[in-house]
K.L.:
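What follows is a structure written as structure tokens; I'll ask about it next.
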Protein chains: 2
Amino acid sequence: MEETIFAKTQTTFRTSCDQCGLSSVCLPIAVDPEDLYRLETAVNRGQKFNRGELVFKQRDRFKSCFVVQGGAVKTFIVTEDGEKQVTGFYLPGEMVALDSINTDYYSCSAEALERSSLCEIPLDRFAEHTLRIPGLQHHFFQLMSQEIQKSQRMTVLLNRKTADERLATFLLSLSKRFGRRHMSATQFRLPMTRNDIANHLGLAVETVSRVLTRLQKQKLVQFQGRYCTLTDVNGLTNIAHAVNSPYECRG
Amino acid sequence: MEETIFAKTQTTFRTSCDQCGLSSVCLPIAVDPEDLYRLETAVNRGQKFNRGELVFKQRDRFKSCFVVQGGAVKTFIVTEDGEKQVTGFYLPGEMVALDSINTDYYSCSAEALERSSLCEIPLDRFAEHTLRIPGLQHHFFQLMSQEIQKSQRMTVLLNRKTADERLATFLLSLSKRFGRRHMSATQFRLPMTRNDIANHLGLAVETVSRVLTRLQKQKLVQFQGRYCTLTDVNGLTNIAHAVNSPYECRG
DNA sequence: CGGTGGATTGAGCACACTCAAGCATTGTGG
DNA sequence: CCACAATGCTTGAGTGTGCTCAATCCACCG
């Protein structure tokens, strides 16, 4: 079964979905090989974007979701009053534009933070597949649930956390996500500027800078420009989960 | 077609889904009457909850989504360090627990803010329906997208808005949502405590109180306890969308 | 009547913002 | 190759918004 697919992809000079290593993001666990082939013809794999290039733009007609293969992407929305707000960062293996599924327009813009490679998953044709492959529907519902939960956690954590807690949380989140994709969870390069981080976390750039040097002085992290080494994950976790007040939680 | 359904609901002393007035929330525009009947047997309508009662609890096995028919519900999560965070308020016609679809457990708890009536939509059996009725799947994807966007707007607005802006935004949001359901958009009762509002908006109760009296002095709203009258919607809108800095938005 | 939970108001303080200056890095053109 | 610009990052000083702590008020209810 794999052979046929592999042969096909060889002729088209593309990597097959099941060779991708990220297939668990796009596909449910078990997919019939025949269906897999049909899916592959739908997915537009390995598109390249340069730093600063837009993957899609807010208010453009919604067409596809994208999975980051390599590089990194930020999403942002422009509010009525022209303010720009970074709503998320997407690392390899993460799907972008789930917030726009089955809406008419993209609800945010996505921009490559460095040279990046993305797989486009057209969702008009995907809808047909979803109906035929029950697992796919479940899978996408799950991805969207996770997206909601992520967004809620964001709201939750940032609404009541201090600058130090926010940044500790942020670094740990990156760490976990890099680690999940078999990259180092303690040494990585931040693909985004301090400005992006500040914007995303609702802080001033200066505060981000100050906090990062503070964390460094506490020997919790080490920075060399954008290169980041977590030297004390437990320490960071303590800061991130700071117990402000052991509140009684009735209910 | 309506007759048969109506007859059925008469005998069971329940209102039919298509009589509900909220059916646009639960159902796609056009549903085959036969399918509608099957759906109705799945939906557990009109469950009553007293103030303070839990509709479902975080970490319980996920079973159903709920649509608020009457009353109001708040959702909250308890973080690792025991902090309670209100993640949303749900008014008549709004669906709760979309963030938990196709996850194993509820990711938050839901509590009635006053005596409320909710329709339970079991999602195990619903999955079957979704496959048979194409519109249903689309509909649910859409609801989830909206939920993500709502959550993102929350993050966005609250991360960089002042206390005044947050509360103006909050009041206008309630206004719109009441108005959408053919209730007064300018006169309503807040179903939640100041504490809940504060928690949800990431403020201290004292700040909420102070800001509300300030808005009242500016003749924008009128309060009598929980009863609220918006006297100057434009004024509120100006505050809510305060132009901090007309930022250049490249991209 | 006292008791309880919710709401308001006041005083003082602290965390993060603003403004401002300087440093570091990268890229571009002469 | 260096000068220069542009952008990103860091550091400092002063200020203000919203928090904390505390007291009071209010409505509802046993």
Side-chain angles (χ1 to χ4, degrees), chain A residues 50-52 74 83-84 86 111 113-115 158-170 189-217 221-228 239 242-248 250-251, chain B residues 50-52 74 83-84 86 111 113-115 158-170 189-217 221-228 239 242 244-245 247-248 250-251:
Chain A
N50 284 321
R51 183 194 140 101
K74 76 172 172 191
E83 286 272 3
K84 209 165 165 181
V86 175
E111 180 185 321
L113 291 168
E114 53 193 26
R115 182 150 176 85
L158 302 189
N159 250 345
R160 54 189 66 261
K161 284 195 182 274
T162 65
D164 292 60
E165 289 159 19
R166 294 184 200 196
L167 276 155
T169 308
F170 178 70
R189 183 180 172 281
L190 300 178
M192 70 294 284
T193 66
R194 304 279 196 268
N195 234 310
D196 286 333
I197 299 175
N199 184 306
H200 185 229
L201 299 184
L203 299 170
V205 204
E206 297 93 327
T207 306
V208 170
S209 192
R210 273 186 260 271
V211 170
L212 290 185
T213 56
R214 198 183 306 155
L215 293 177
Q216 196 164 9
K217 273 176 193 159
V221 279
Q222 187 80 26
F223 278 100
Q224 270 158 6
R226 294 211 187 161
Y227 290 92
C228 171
I239 292 185
V243 182
N244 301 323
S245 57
Y247 216 72
E248 194 62 33
R250 62 194 167 95
Chain B
N50 285 321
R51 183 194 138 102
K74 75 173 174 191
E83 285 272 2
K84 206 167 167 179
V86 175
E111 181 184 322
L113 291 168
E114 52 193 28
R115 180 145 178 89
L158 302 189
N159 249 345
R160 55 188 66 260
K161 284 194 183 271
T162 64
D164 292 60
E165 289 160 17
R166 293 184 201 197
L167 275 156
T169 307
F170 178 69
R189 183 180 172 279
L190 300 177
M192 69 293 282
T193 66
R194 303 280 195 266
N195 233 309
D196 286 332
I197 299 176
N199 183 307
H200 184 231
L201 299 184
L203 298 170
V205 205
E206 297 91 329
T207 305
V208 170
S209 192
R210 272 186 262 272
V211 170
L212 289 186
T213 56
R214 198 182 307 155
L215 293 178
Q216 196 163 11
K217 275 176 193 160
V221 279
Q222 186 79 29
F223 278 101
Q224 269 159 7
R226 293 211 186 161
Y227 289 92
C228 171
I239 292 184
N244 301 322
S245 58
Y247 216 74
E248 194 62 31
R250 64 196 166 90

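In what follows, every chain begins at residue 1, and chains take the letters A, B, ... in the order their sequences are listed.
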K.L.:
Does OP1 or OP2 of D:dT7 have a side-chain N or O of A:T193 closer than 4.0 Å?
P.N.:
no
K.L.:
Just the rounded figure in Å: distance from C1' of D:dT10 to NZ of A:K217.
P.N.:
11 Å
K.L.:
Can a cation-pi geometry be assigned to B:R194 and B:F170, taking NZ or CZ under 6.0 Å from the six-membered ring centre and within 45° of the ring axis?
P.N.:
no
K.L.:
Are B:R189 and B:E114 within salt-bridge range, i.e. N to O under 4.0 Å?
P.N.:
yes
K.L.:
To the nearest 0.5 Å, what is the distance between CG (A:L167) and CD1 (A:I239)?
P.N.:
10.0 Å
K.L.:
Closest to the A:T207 side chain: D:dG18, C:dA16, D:dC21?
P.N.:
C:dA16
K.L.:
How long is the line joining CG of A:N159 and P of C:dA16, in whole Å?
P.N.:
14 Å
K.L.:
Closest approach of B:N199 and A:R160, non-hydrogen atoms and distance?
P.N.:
O-NH2, 2.9 Å
K.L.:
Expressed as a whole number of angstroms, how long is the span from B:L201:CG to D:dT17:P?
P.N.:
19 Å
K.L.:
To the nearest 0.5 Å, what is the distance between OG1 (A:T169) and CG (A:L201)?
P.N.:
8.5 Å
K.L.:
Could you state the CD-P distance from B:E206 to C:dT9, rounded to the nearest angstrom?
P.N.:
12 Å
K.L.:
Could you check whether B:S209 gets within reach of a base, just the sugar-phosphate, or nothing at all, counting any heavy atom under 4.0 Å?
P.N.:
base
K.L.:
Nearest-Å distance, CG (B:L158) to C1' (D:dT17)?
P.N.:
16 Å
K.L.:
Starting at atom CD of A:Q224, determine the distance to atom C1' of C:dT25, rounded to an integer number of angstrom.
P.N.:
14 Å
K.L.:
Nearest whole Å is fine: how far is D:dT7 C1' from A:L113 CG?
P.N.:
16 Å
K.L.:
Find the distance B:L212:CG to C:dT9:P and express it as a whole number of Å.
P.N.:
10 Å
K.L.:
Side-chain donor or acceptor of A:R210 under 3.5 Å from a matching atom on the base of C:dT18?
P.N.:
yes
K.L.:
With respect to the side chain of B:D164, which nucleotide from D:dG18, D:dT11, C:dG6 is positioned closest?
P.N.:
D:dG18
K.L.:
By the 4.0 Å heavy-atom rule, please label B:R226 as base, sugar-phosphate, or nothing.
P.N.:
sugar-phosphate
K.L.:
Tell me whether the OP1 or OP2 atom of C:dT8 has a side-chain N or O from B:R194 closer than 4.0 Å.
P.N.:
yes
